[in-house]
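Reviewing the structure listed below.
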Amino acid sequence: MIYRGGASRRPFSKNGGSERMKNLIRIVEASGDLSLFPCPFCGGHGAVYAEYETPVGNRWRVFCPDCMAGIDPGWAQTRSDVCGLWNRRT
């Protein structure tokens, strides 16, 4: 496994990360009370939520599709948990 820099230090495989994406359930655009601030790295306004499966239940993360910056604490069971983390760091 190769590690990319960043806050989450999540492993990526040499084949472009396809191993990691097997458990992706859905991607949800931010809106309403759960809107997201622009990306702190590239300034993009298109950050989205991604729900994924783990052996202990579903989890949420936020990432910017423009620069692939993201936040994934590994414990966020609701979108509001990860929304607060993303919006506080910008």
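Position 1 is the first residue of the sequence, and the numbers go up from there.
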Minimum heavy-atom separation for [X] and [Y], please, with both atom names.
X   : Y   : result
C42 : C67 : SG-SG, 3.7 Å
P38 : G43 : CB-O, 3.8 Å
G70 : W86 : CA-CZ3, 4.1 Å

Would you check if the side chain of N23 reaches a backbone N or O of Y52 as a donor-acceptor pair within less than 3.5 Å?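 Such a contact is absent between N23 side chain and Y52 backbone.
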
Set of residues satisfying side-chain hydrogen bond (donor to acceptor under 3.5 Å, both in side chains) with respect to D66, sequence neighbours excluded: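 Partners of D66 under the side-chain hydrogen bond (donor to acceptor under 3.5 Å, both in side chains) test: none.
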
[X] side, atom [atom1]; [Y] side, atom [atom2] - distance, nearest 0.5 Å:
X   : Y   : atom1 : atom2 : value
D81 : R61 : CG    : CZ    : 15.5 Å
C64 : I71 : SG    : CD1   : 13.5 Å
N58 : T78 : CG    : OG1   : 12.0 Å
W60 : W75 : CH2   : CH2   : 14.5 Å

Are V82 and P73 close enough that some pair of their side-chain heavy atoms sits under 4.5 Å apart?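 They are in side-chain contact.
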
Any side-chain heavy-atom pair of F63 and M68 under 4.5 Å: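 Yes, close enough: below the 4.5 Å cut-off.
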
Return a table of donor-acceptor pairs under 3.5 angstrom between the side chains of residues 25-36 and protein atoms on other chains or two or more places apart.
from : atom 1 : to  : atom 2 : distance (Å)
R26  : NE     : E51 : OE1    : 2.6
R26  : NH2    : E51 : OE1    : 3.2
S35  : OG     : G32 : O      : 3.4

